[in-house]
Each structure stands twice: as C-alpha cells, then as structure tokens.
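Reading through the structure tokens given below for one structure.
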Amino acid sequence: MTDLHVQKLEQEGFLDIEIDPSLDLFEEIEKLKKEKNAIILAHYYQESDIQDVADYIGDSLGLARKAQETTADMIVFAGVHFMAETAKILNPTKKVVLPDLKAGCSLSDSCPPSLFSKFKEKNPDHLVISYINCSAGIKALSDIICTSSNAQAIVESLPQDQKIIFAPDKNLGAYINKQTGRNMLLWNGACMVHEIFSLEKIVKLKVRHPEAQLIAHPECEEAVLQQSDYIGSTSQLLEYVAQNEASSFIVATETGILHQMIKRAPNKTFIPAPPNNACACNDCPHMKLNTLEKLYLCMKYELPELIMDEELRLKAKRPIDRMLDLSKQLGIK
Ligand code: 13P
Ligand code: SF4
C-alpha cells in the first residue's frame, strides 16, 4: 500500500485497493485472524458473509461486553462507528479497526453534543440516560448508557421520582415511558431504518399472513409497536423466534437479522416488514457500507484504525461502566 493510500484511509476511510480475484476471502480472513491474534465482532445487521466469518455476533450490549473482555490484540469491528468507538473506550490497549470509517448512524447524528449540552443545561436537575447509539461526545455528557436490551430495567432501577432525560432515540424513549409509567424528557432523535416502516403495508401483510406474528425493534414508531406481538432488541427478537411456537414472523427491524433467524429456526418463515418506499426490505445504509472485501483489507493493513482522545475516552467510559455494572446487578443476559 502506498503512503497516499494510507493517508486516504486515515482521512476518508476509503479503500480502493484491488484484491486478487483468485483469493478465497473466507480462508484469507481466517489466516489473518491467527496471524494477528485478531477477533472479529459483528452486529446482526451486517451482511451474511461478514456474520459467517465473525467470532462473535451480537446486539450492542453483547458486543460491548465482548469487546471489554477480549484478550485478542486486534478487535476488528464489523458494525458502525459508535460500536467500534465503544470497543475502544472499553479496551483501549487493543487496536480497533473497522472496515469503513464512514459507517455512521443516523440516530447518533441526530444528537450533536453542542446542542445536547444546551438541552442538558436547561434541565439541570435531570439524570441523563443515553442510548448507546450516540457519539463519545454524548456519552461524555451522560450519567448512564443503555441499550435496547437493558433500557427498561435500568430506568426501572431508578427511583420513581427521579427526573430523567433520555437521548437520542425518541421512539425507544417513548416506549420505555409507556412501559414504566415514567415521563422522561425525550431528545427528538430517530433511526432512519426503523422510522421508515409502513404501517399500511404491514397491516396488509398481516391480512395476507394471518398466522404470522409481528415482531419489532423498539426503535420503530409507536404505531408499529402498537400492532406488534413482541418488541425487543435484536438478540431478544432472535431468541423469541427460536422459542415461540409460531411458524411465521413479520420482522420490523433491519434485514440483516434474518440470516441468524433462518439459522436458528430453519423451518420457520420470516417476512421482512416493508418500508415506506419501493423496497421490499429495509437495509441500514451505514451498516451495509461494510463488505467482506473491506473487512479483509482492513485486517490485512490494520486500517482504518479507531483513534480516540484520552480525555474524551475517560469521560465517555464512566456511563458505559455504570451500564455494565447495573446490567450485571440486574441479571441482564
Ligand atoms: P441492538 O442490536 O442493540 O438491539 O441495536 C439495534 C441497532 O439499531 C444497532 O444499530
Ligand atoms: Fe443507526 Fe439505525 Fe443503522 Fe442502527 S439501524 S446503525 S440505529 S441508522
């Protein structure tokens, strides 16, 4: 790789290096894992090939825990930027690389730290709980981080009269408010993938498949959640389809999860919930920036690497540690 490539990678996370087409990337990635003592952590929304080479596939809580405990020298994070950043925050002596530095998150982008700190200043008596889908800058302004697996339990563990700001996802926040009877102050952010589901098309699908259960991620809008038979994080949805006796499910979350659902329950039918556009399924454009080719290149060249300012890392770590401790105390799997 030329100096220019390295510079481009560092600045733009851009890979335009040609890969020998005769290479079996699955084999090459396995070789690189051993050679470099690397671990591949992948989110359920990654494309199937990436999930198949991963050492661990999980939801945001599982991935954070795995990143914290790994003894590998290099963490290859197949997910989006805030996830790789969380891995670095928790395990700073490891090299953390990700296939595409531009893999961001619309939800995280909907909450800029400069605006959020003003919002926080206006409500000084509130505790700040932030969903892990946010930047390190927002984490540093938060008291406790949560994920979709533990948000409800964490809120419930606090005194009923505790004033709370919940950021950045208004849909997850509203869902937790409803479940717990709280009145948390919500930041007005949302995920572009979960907001785009069409209630009208889902209702029509339910009519065509009366036997199918509708299952949804809590980042979906309230109208979709109201129609759902089950609401949960990605790992909870996966567990549900494996355990539940229904044979068919309409799945209102990002389509990547279907790969593991089919593996866990090969005889069941999974129908992606349709979005409000011409597509039949719903992919996260950020998650899907990662490809097997970019994963291979990032392992080979150990770039792009996630680098963090140490002061920010330490500030962002406190609320994540609090989440991990609370999750342990509350027995969250
Ligand atoms: P979980 O996998 O933690 O449910 O989060 C979903 C998500 O939107 C990740 O970006
Ligand atoms: Fe962000 Fe939504 Fe994509 Fe998850 S699915 S990474 S919340 S944009």
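Just follow the structure's listing: the first ligand is 1, and inside any ligand the first atom is 1.
Against a heavy-atom cut-off of under 4.0 Å, Cys191 is close to the following atoms of ligand 2: 2 (Fe), 5 (S), 7 (S), 8 (S). Against a heavy-atom cut-off of under 4.0 Å, Asn133 is close to the following atoms of ligand 2: 7 (S). Each of the atoms 3 (Fe), 5 (S), 6 (S), 8 (S) of ligand 2 lies under 4.0 Å from some heavy atom of Cys284.
The side-chain hydrogen bond (donor to acceptor under 3.5 Å, both in side chains) with His194 is formed by just one residue from the set Thr253, Asp169, Asn282, Asn171; it is Thr253.
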Next on the checklist: What verdict does the salt bridge (charged side-chain N to carboxylate O under 4.0 Å, His left out) test give for Asp73 and Lys95, after you've listed the backbone C-alpha separation in whole Å, the side-chain angles of each residue and the deciding distance to 0.1 Å?
Outcome noted: CA-CA 6 Å; Asp73 294 319; Lys95 181 176 255 189; over 6 Å; no
Next on the checklist: Set out, in order, the CA-CA distance, both residues' side-chain angles and the distance that settles salt bridge (charged side-chain N to carboxylate O under 4.0 Å, His left out) for Lys170 and Glu222, then state yes or no.
Outcome noted: CA-CA 10 Å; Lys170 63 175 180 194; Glu222 193 186 356; over 6 Å; no
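Around ligand 1, the residues contributing at least one heavy atom under 4.0 Å from the ligand are His43, Tyr45, Asp59, Ser60, Met83, Tyr131, Asn133, Ser148, His217, Glu219, Ser233, Thr234, Met287.
The distance from atom 1 (Fe) of ligand 2 to the nearest N/O/S atom of Cys105 is under 2.8 Å. Coordination check, His286 versus atom 2 (Fe) of ligand 2: failed, since every N/O/S atom of the residue sits at 2.8 Å or beyond.
A donor-acceptor pair shorter than 3.5 Å can be found between the side chains of Ser235 and Asp59. Judged purely by distance below 3.5 Å, without hydrogens or angles, the side chains of Ser327 and Asn150 pair a donor atom with an acceptor atom. A donor-acceptor pair shorter than 3.5 Å cannot be found between the side chains of Ser248 and Thr269. A side-chain N or O of Gln46 and one of Asn290 form a donor-acceptor pair less than 3.5 Å apart.
The aromatic ring centres of Trp187 and Phe119 sit less than 6.0 Å apart.
Within the 4.0 Å heavy-atom cutoff, His43 does not count among the residues contacting ligand 2.
Residue-level proximity to ligand 2 for Glu254 is absent, since no heavy atom of it falls below 4.0 angstrom.
Of the charged side-chain nitrogens involved, none lies within less than 4.0 Å of a carboxylate oxygen, so that Arg313 and Glu85 do not count as a salt-bridged pair.
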